[in-house]
**Student:** 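Have a look at the structure that comes next, please.
Any value given below was found using the heavy atoms of this structure, including those in side chains, with hydrogens, waters and symmetry copies removed. Here is how names work: the chains are called A, B, and so on, in the same order as the sequence lines, proteins then strands, and each is numbered from 1.
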Number of protein chains: 2
Amino acid sequence: MSELEQRCTEAGLKMTGQRRVILKVLDSAEDHPSVEDVYDRARKIDESISIATVYRTLSLLDELELVIRHEFQEGYSRYELNSDHHHHLIDLETGKVVEFQNEDLEKLKIKIAHDLGYDLVDHRLELYGKRIKKK
Amino acid sequence: MSELEQRCTEAGLKMTGQRRVILKVLDSAEDHPSVEDVYDRARKIDESISIATVYRTLSLLDELELVIRHEFQEGYSRYELNSDHHHHLIDLETGKVVEFQNEDLEKLKIKIAHDLGYDLVDHRLELYGKRIKKK
DNA sequence: GTAGCTGCAAACTCTTTGCAACTCT
DNA sequence: AGAGTTGCAAAGAGTTTGCAGCTAC
């Protein structure tokens, strides 16, 4: 039983075949798949999975914070496993998503919120850029 | 003719009654109204405006960059006039939106993108927080 | 006069949900 | 056995669009 499956079981979820497949898809994803993506990949393993189950499972995983739901400005959601904290730079020409971390940024965010009289609970930072062309 | 109307005319838009009303609503908004909000406020001035026109007008204004379209994590869009550059902190308890600017942040964003090999074209930063309670 | 704009209703996209059947535990 | 889960299809929310008539220029 994978660590992910274990965490689901601990949270009280029944470990069904469909869930196992979806978790596997997420675990082996190296990108930030949309619901459609997860659905397509899951179907390659088990033809019978329905998209409603994918939606329901992803929602549950989001509630358990095992997964992070992103809404890059595309009109739908993308998901990724919740591991190390990081941000995203979206390549406007290719749609590629580059992950990054920055310590200064983390500190600055907290400071800004604090200066405004708030405790930072959550945040969202996305950069949208174009690759610098080498001459 | 307001400055906003003028900028629309210059961009080649016909200045219809509906557009004038919508621009007025945006111009006098002190918040970040949703499409519904704009629609409701516009209807108070002109009963006959349809929501399709509000959607179409806001899209146009967004293309012209006269307006900024936000998608805070709510499942719909909010708009504001595009004036000075700033970011938003959303109060998780009240939904209130606090605007802020931060020079260090601006520099840092550009630097991060550049270090990753990208020219920063656009970005999105939102903080979600809870007001610090005074004792 | 005519290109562009409007209201209306239908269509679209993404997501959620009611329900009866099924399946983990 | 029974609560939780599933697939299906229908419904929802927000947004877009085709069309015939209207209007600013």
Side-chain angles (χ1 to χ4, degrees), chain A residues 1-2 4-25 32-40 42-64 66-79, chain B residues 1-2 4-25 32-40 42-64 66-79:
Chain A
M1 173 142 130
S2 78
L4 258 179
E5 286 183 25
Q6 184 148 357
R7 290 214 269 162
C8 288
T9 306
E10 278 161 20
L13 299 193
K14 279 191 187 166
M15 196 39 57
T16 64
Q18 292 90 330
R19 285 185 179 158
R20 238 183 282 272
V21 169
I22 292 170
L23 290 176
K24 180 157 186 219
V25 165
H32 302 71
S34 65
V35 176
E36 264 321 294
D37 292 335
V38 175
Y39 176 58
D40 291 344
R43 285 210 136 215
K44 292 214 174 118
I45 305 175
D46 175 356
E47 265 285 328
S48 76
I49 288 179
S50 84
I51 196 151
T53 297
V54 177
Y55 271 106
R56 279 190 277 233
T57 303
L58 289 172
S59 290
L60 280 172
L61 296 176
D62 186 33
E63 271 169 45
L64 297 177
L66 292 179
V67 120
I68 297 186
R69 172 188 195 142
H70 293 290
E71 288 181 6
F72 302 143
Q73 331 223 10
E74 303 169 307
Y76 56 82
S77 302
R78 289 168 176 257
Y79 291 83
Chain B
M1 171 139 131
S2 78
L4 258 179
E5 287 182 26
Q6 185 147 357
R7 291 213 268 161
C8 287
T9 307
E10 277 162 18
L13 298 193
K14 284 192 183 166
M15 197 38 58
T16 64
Q18 292 89 331
R19 285 183 179 163
R20 238 183 282 273
V21 169
I22 292 169
L23 290 175
K24 180 155 186 225
V25 166
H32 302 72
S34 64
V35 175
E36 254 338 282
D37 292 335
V38 174
Y39 176 58
D40 291 343
R43 286 211 136 212
K44 293 214 173 117
I45 305 175
D46 175 356
E47 265 285 328
S48 76
I49 289 180
S50 83
I51 196 149
T53 297
V54 176
Y55 271 106
R56 279 190 277 234
T57 303
L58 289 172
S59 289
L60 279 171
L61 295 175
D62 186 33
E63 271 170 45
L64 296 177
L66 292 179
V67 119
I68 297 188
R69 173 189 197 143
H70 293 290
E71 288 181 6
F72 302 143
Q73 334 223 9
E74 303 168 307
Y76 56 83
S77 302
R78 289 167 176 258
Y79 290 84

**Student:** Whole Å only: how far is the CG atom of B:D37 from the P atom of D:dT15?
**Tutor:** 11 Å
**Student:** What is the bend of the helix from C:dG1-D:dC25 to C:dT25-D:dA1 when you compare the axis at one end with the axis at the other, using five pairs each and rounding to 10°?
**Tutor:** 30°
**Student:** Take A:G12 and B:T9, find for each the nucleotide of DNA chain D with the closest heavy atom, and name the residue whose nucleotide sits nearer the 5' end.
**Tutor:** A:G12
**Student:** Please work out if A:G75 contacts a base, only the sugar-phosphate, or nothing of the nucleic acid, heavy-atom cut-off 4.0 Å.
**Tutor:** sugar-phosphate
**Student:** Side chain of A:I49 only, please: which of C:dC14, D:dG7, C:dG7 is the nearest?
**Tutor:** D:dG7
**Student:** Under 4.0 Å: is that the gap between some side-chain N or O of B:S59 and OP1 or OP2 of D:dT15?
**Tutor:** no
**Student:** A:E63 CD to C:dT15 P: how many Å, rounded?
**Tutor:** 16 Å
**Student:** State whether a side-chain donor-acceptor pair under 3.5 Å links B:S59 with B:D62.
**Tutor:** no
**Student:** Ignoring hydrogens and geometry, is there a side-chain-to-backbone donor-acceptor pair from B:R20 to B:M15 under 3.5 Å?
**Tutor:** yes
**Student:** What's the CG-P distance between B:L13 and D:dT23, to the nearest Å?
**Tutor:** 19 Å
**Student:** Without decimals, in angstroms, what is the distance between B:E5 CD and D:dA24 P?
**Tutor:** 13 Å
**Student:** Tell me the interatomic distance from B:Y39, atom OH, to C:dC8, atom C1', rounded to whole angstroms.
**Tutor:** 11 Å
**Student:** Does B:R78 get its side chain close enough to the base of D:dG14, under 3.5 Å, for a donor-acceptor pair?
**Tutor:** no
**Student:** Please determine, for the side chain of A:K14, which listed nucleotide (D:dC8, D:dA24, D:dG2) has the closest atom?
**Tutor:** D:dG2
**Student:** Step by step, work out the side-chain contact (heavy atoms from CB on, under 4.5 Å) result for B:R69 and B:L58.
**Tutor:** CA-CA 9 Å; B:R69 173 189 197 143; B:L58 289 172; over 6 Å; no
**Student:** Provide, to the nearest angstrom, the distance between the CD atom belonging to A:E47 and the P atom belonging to D:dT6.
**Tutor:** 17 Å
**Student:** Starting the side chain at C-beta, find the nucleotide from C:dG7, D:dG14, C:dT17 nearest to A:A52.
**Tutor:** C:dT17
**Student:** Strictly below 4.0 Å: does B:Y55 bring a side-chain N or O up to OP1 or OP2 of D:dT16?
**Tutor:** no
**Student:** Mapping B:E74 and A:S48 onto DNA chain D by nearest heavy atom, which one lands closer to the 5' end?
**Tutor:** A:S48
**Student:** Would you say B:R19 reaches C:dT6's phosphate, i.e. side-chain N/O to OP1/OP2 under 4.0 Å?
**Tutor:** yes
**Student:** Is the shortest side-chain N/O distance from B:S77 to OP1 or OP2 of D:dG14 below 4.0 Å?
**Tutor:** no
**Student:** Roughly how many Å is it from CD in B:E71 to P in C:dT15, rounded to a whole number?
**Tutor:** 12 Å
**Student:** Step by step, would you call B:H32 with B:D37 a side-chain contact (heavy atoms from CB on, under 4.5 Å)?
**Tutor:** CA-CA 9 Å; B:H32 302 72; B:D37 292 335; over 6 Å; no
**Student:** Counting only side-chain nitrogens and oxygens, does A:Q18 get under 4.0 Å of the OP1 or OP2 atom of C:dT23?
**Tutor:** no
**Student:** Does the base of C:dG7 carry an N or O that pairs as donor and acceptor with the side chain of B:R56 under 3.5 Å?
**Tutor:** yes
